[in-house]
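Throughout, protein chains are lettered first and strands after them, A, B, ... in sequence-line order, and every chain is numbered starting at 1.
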Protein chains: 2
Amino acid sequence: MRGAEINTWQAVQTEVLRRIRAHIWRPGDAIPHEEALAEEFGCARATVNRALRQLAEDGLLDRRRKAGTRVTLNPSRKAKLDIPVLRVEIESKGMRYFHEIVSREVAAPPLAARARLQAKPGEEHLHLVALHMGDDAPYVYEDRWINLAAVPKARKVDFTAISANEWLVRNVPFEGGEIAFSAVVATKRDAAILRCAQGDGLMAIDRITRRAGQVVTAVRQTFKPGYQLQAQL
Amino acid sequence: MRGAEINTWQAVQTEVLRRIRAHIWRPGDAIPHEEALAEEFGCARATVNRALRQLAEDGLLDRRRKAGTRVTLNPSRKAKLDIPVLRVEIESKGMRYFHEIVSREVAAPPLAARARLQAKPGEEHLHLVALHMGDDAPYVYEDRWINLAAVPKARKVDFTAISANEWLVRNVPFEGGEIAFSAVVATKRDAAILRCAQGDGLMAIDRITRRAGQVVTAVRQTFKPGYQLQAQL
DNA sequence: CAGTGGTCTAGACCACAAG
DNA sequence: TTGTGGTCTAGACCACTGG
């Protein structure tokens, strides 16, 4: 007899995965088309489509109209990173969250920052330096520019009551942006603010958030020594 | 007259997104149920479902049976990272790829590595240290343990012809794993291998890959100074 | 218990791209 | 040109969970 019927998309996906892992279908091979699989499994084509579509999104299959479906040759491992609001991240580790504003000014950004902000010379931005603490120890320190032309309301917000990140997330729906991770060496200033040693290796995250073609905010967050960013494969 | 009909799942998604961004539906609010939206948009419920399901996967909506659909209160920004095979990454930057084996031995891993490998004392593993080059300059240096109990074939593979990563991806279908990013300071040894200065800040990636409950391989990759990991939000 | 999302089906038409 | 995936529909039943 045949095994249990394969008539849910998860079951189809599991079976297809099994065949890929068992090398019944090898990297680069074409697999049967949806209609054929639907007939074999005894389910609707939409069910097969749902299963294969997700495997394609996960990078295990390559699908093209007319060309059919193939097992990906060079599967790039995809990691999904959650970048939570810092308060949530710190509190989820069981620590008490607190943050303080180190400095706040309205000014025209210097040349280096202007490029990232797509700002014209002399255009005023809000410049915030803030420190996020977990259990009274520095956790991350951020240097942020907020485009007042895009977010005029920000000029009057009390960012000691709510962090800039959190306020922006809640009040300025963003449409996209870029994020980059790099490793830096703690400068004397970094060390003083984060209470670490000069020369420590620190993780830095640079983010740019856009809306309607404008840059809403650009921020560099510098994490305490030993910080790890984790994800599942 | 009404605008163009909303009868593709992308159009539904766009319209829902617009309402979230325009704060017509605010964070924490419940939105109409699928059937109501389907009627409003003049499309099938399955179409609405497809649109909302993906928004939920992206973290913008919370959906629960009976409770309905709500706009997520603390949207964590999700970044999708592609971790390609290094050869592909380097070649995609227009550089010529080359790699060399620094050392290769079969040995029982030391205590520190044993934990990550879930290995018993005395269990033999393949220990590989390799250097990946882009245009004859060191790009990343990796220290890898391969579990020979899980992958006996690896013992005889010529890893000068194909990198361990690439061989494993093609020959040992993995089922999952963890990845962690951190910042380290270049040791004297790191500096010698990567041809950088001792004390430079370096990005390090630790990966563990599993299959059938076993650890297949654990690797630490240390990148050249200035390396950035980029992603879209 | 009953409301809501989750999924399946059978059929249809469309969009894209390989040959 | 034509095969293949992409999507929509209308209806149905199921699974979970809030009240």
Side-chain angles (χ1 to χ4, degrees), chain A residues 2-20 24-73 75, chain B residues 2-20 24-73 75:
Chain A
R2 302 282 162 68
E5 274 187 32
I6 300 180
N7 51 7
T8 69
W9 70 265
Q10 290 98 331
V12 171
Q13 197 177 60
T14 300
E15 173 60 15
V16 170
L17 251 183
R18 188 188 69 76
R19 294 185 186 184
I20 293 173
I24 294 170
W25 295 331
R26 298 171 156 273
D29 282 0
I31 75 174
H33 50 247
E34 294 188 345
E35 200 175 342
L37 288 175
E39 190 177 357
E40 178 191 345
F41 294 146
C43 66
R45 179 164 81 93
T47 305
V48 173
N49 180 279
R50 172 76 195 275
L52 298 188
R53 186 207 319 147
Q54 185 167 315
L55 288 172
E57 282 170 5
D58 292 346
L60 278 87
L61 294 176
D62 283 330
R63 320 194 72 197
R64 271 170 17 232
R65 283 159 156 141
K66 170 72 180 182
T69 301
R70 292 176 173 277
V71 180
T72 302
L73 205 50
Chain B
R2 301 282 163 68
E5 274 187 30
I6 298 181
N7 51 8
T8 70
W9 70 265
Q10 290 98 331
V12 171
Q13 196 175 62
T14 300
E15 174 59 15
V16 170
L17 251 183
R18 189 188 68 76
R19 293 185 186 184
I20 293 174
I24 295 171
W25 296 331
R26 298 171 157 275
D29 282 359
I31 76 174
H33 51 246
E34 294 187 346
E35 201 175 343
L37 287 175
E39 190 177 357
E40 178 190 346
F41 294 146
C43 66
R45 181 165 79 94
T47 305
V48 173
N49 180 279
R50 173 76 195 273
L52 298 188
R53 187 206 319 148
Q54 185 168 318
L55 288 172
E57 282 171 5
D58 292 346
L60 280 88
L61 294 176
D62 284 330
R63 320 193 72 196
R64 265 163 30 227
R65 283 161 158 142
K66 170 76 180 180
T69 301
R70 292 175 173 277
V71 180
T72 302
L73 207 49

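- With sequence neighbours left out, the salt bridge (Lys or Arg N to Asp or Glu O under 4.0 Å) criterion links R53(B) to no other residue.
- Among residues two or more places apart in sequence or in another chain, the side-chain hydrogen bond (donor to acceptor under 3.5 Å, both in side chains) test is passed with T47(A) by none.
- Remark: R26(A) engages H23(A), D29(A) in a side chain to side chain contact (heavy atoms under 4.5 Å, CB included) (not counting sequence neighbours).
- For dG5(D), the OP1/OP2 oxygens have a side-chain nitrogen or oxygen of T69(A) closer than 4.0 Å.
- Rounded to whole angstrom, the span from the CG atom of N7(B) across to the P atom of dA10(D) amounts to 11 Å.
- Put simply, the side chain of C43(B) does not reach to within 4.5 Å of the side chain of I6(B), judged on heavy atoms.
- Side-chain atoms of R63(B) do not come within 3.5 Å of backbone N or O of T69(B) as any donor-acceptor pair.
- Annotation for E39(A): atom CD does not count as buried by contact number, only 12 or fewer foreign heavy atoms lying within 6.0 Å.
- Comparing atom distances between the C43(A) side chain and each of dG5(C), dA10(D), dT9(C) picks out dT9(C) as nearest.
- Just one of T14(A), V71(A), I24(A) meets the side chain to side chain contact (heavy atoms under 4.5 Å, CB included) condition when paired with R19(A); it is I24(A).
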Worksheet entry | Under 4.0 Å protein heavy-atom contacts per nucleotide of nucleotides 12-19 of chain D, with B for base, S for backbone only and - for none | B--BBBB-
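- Within residues 47-58 of chain A, the residues that have a heavy atom under 4.0 Å from DNA chain C are, in order of number, T47(A), R50(A).
- In the region residues 9-19 of chain A, proximity to DNA chain D at under 4.0 angstrom, judged on heavy atoms, holds for none of the residues.
- In this structure the side chain of L60(A) reaches within 4.5 angstrom of the side chain of L17(A), judged on heavy atoms.
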